[in-house]
Number of protein chains: 2
Amino acid sequence: MTVSKAAGKSSEKPAETAKGRKDVAEAQPEALQLGELSEQLGYILKRAQLKVFENFLRCMASLQLTPAQFSVLLLVEKNPGRNQTEIASTLGILRPNFVAMLDNLESRDLCARIRSTNDRRSHILVLTDKGKAVLARARKLAATKHEARLNDLLGQANREALIAMLSKIASEF
Amino acid sequence: MTVSKAAGKSSEKPAETAKGRKDVAEAQPEALQLGELSEQLGYILKRAQLKVFENFLRCMASLQLTPAQFSVLLLVEKNPGRNQTEIASTLGILRPNFVAMLDNLESRDLCARIRSTNDRRSHILVLTDKGKAVLARARKLAATKHEARLNDLLGQANREALIAMLSKIASEF
DNA sequence: GAGATTTGATATGGTCCATAACAATTATCA
DNA sequence: TGATAATTGTTATGGACCATATCAAATCTC
């Protein structure tokens, strides 16, 4: 499919000076026909995902947390004592790419790497006090400003049905 | 959230020599707890999207079409006589990034740029005969091998409900 | 006709994703 | 025990995708 961000301003000037118009009837030449595209699963799924991430970033602007970083903090808190490989692979992140991510979180004092005494190759991951505090605030922002939008948009029952279907796709498609 | 591809082999050797096991009870130390993550809209949405794209690529392997390329062919066919800017912006692709994409499709003789006689700045996009033939085959593959999976997985009614909800998110979130 | 705007294009930088390779450490097992 | 294999975190590197600035040619505006 396609669908990028292009978050910028859409420059939708109301512009009474509409460019195209055959002067009489002849509908607006603008606005292409999406056709089958609007029913292509991948296309609509990607567009929805971009919108959701975009909204997430706005909601977390005060904490400067990306979706990926939020998922790391959540997983480390829920699974204390795990090493980088375990956390990364659970999230679908390759170990090499997880290094820079942790460097970032650690430099902001949100989490820490601790050399394991059992296996001195591995780094045990833990949240710092600041990390726990930030996560608590992030969790609240996500719930009230982000996830709540889904209820406003779809209603509680539909929201749950949506999550269930997406989970099924994620695990069985 | 996170979620990359890491499509590779998961190397799930049945391995009777399971690594962790406290010898008695003590469940498997493997498998982390996802916790709230499994209900985070963005996380599950991204994972589902990756799975769907992955499957799409497999289904289109014989035609070597990516989701983005497929969407371009669909849109050009449905909207003959449009220029690059119109097609690109409809798909959320920035014009500079659309150039290489068209170079690719054109080099494979799937579509062609035609200098407009009205406005000699713009390139009118059309599908070549080969492009139409490939699209026809792609459309069939997508319908029978890709989209059909959704029905198998969710059922017709749920599939339609899912598409509708995603569309709503894509346009109103 | 001068200046602003649009179109396709190039150059460039950022982010994310994937693979190979390496040193340190640990596991295997002959 | 000791040589070899495997694992962990890491670096280096390349590819794909995304975004911005800038340009020449053509068109529009007035």
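Letters A, B, ... mirror the listed sequences (proteins, then strands); counts begin at 1.
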Item to complete: Keeping to residues at least two apart or across chains, list the ring-ring contact (aromatic ring centres under 6.0 Å, His included) pairs with something in residues 87-141 of chain B.
Response: none

Item to complete: Using the salt bridge (Lys or Arg N to Asp or Glu O under 4.0 Å) rule, collect all pairs that involve residues 156-173 of chain B, keeping only residues at least two apart or in two chains.
Response: none

Worksheet item: Quick one: which of C/dG8, C/dA9, D/dA19 gets closest to the side chain of B/S122?
Response: C/dG8

Response to the item:
Nucleotide by nucleotide, nucleotides 20-26 of chain C touches protein heavy atoms under 4.0 Å in the pattern (B base, S sugar-phosphate only, - none) B---BBS

Worksheet item: Taking atom P of C/dG8 as reference, at what distance in whole Å does atom CD1 of B/I93 sit?
Response: 13 Å

Worksheet entry | Contact under 4.0 Å: A/R113 side-chain N or O vs D/dT10 OP1/OP2 | yes

Worksheet, complete the sentence: Side-chain contact check for B/V99: nearest option of C/dA18, C/dT10, D/dT8 is C/dT10

Fill in: Listed partners of A/N158 passing side chain to side chain donor-acceptor pair (under 3.5 Å), at least two apart
none

Item to complete: Measure from CD on B/E54 to P on C/dC17 and round the result to the nearest Å.
Response: 13 Å

Practice prompt. Kindly write out the residues that satisfy side chain to side chain contact (heavy atoms under 4.5 Å, CB included) with A/R58, not counting sequence neighbours, or none if the list is empty.
Written response: A/E54, A/N55

Practice prompt. Under 4.5 Å between side-chain heavy atoms, chaining through other members, with only Ile, Leu, Val, Met, Phe, Trp and Tyr counted: pull out the rest of the cluster around B/V126, sorted by chain and number.
Written response: B/I114, B/I124

Item to complete: Working to the nearest 0.5 Å, report the span between CD1 of B/I169 and CG of B/L45.
Response: 6.5 Å

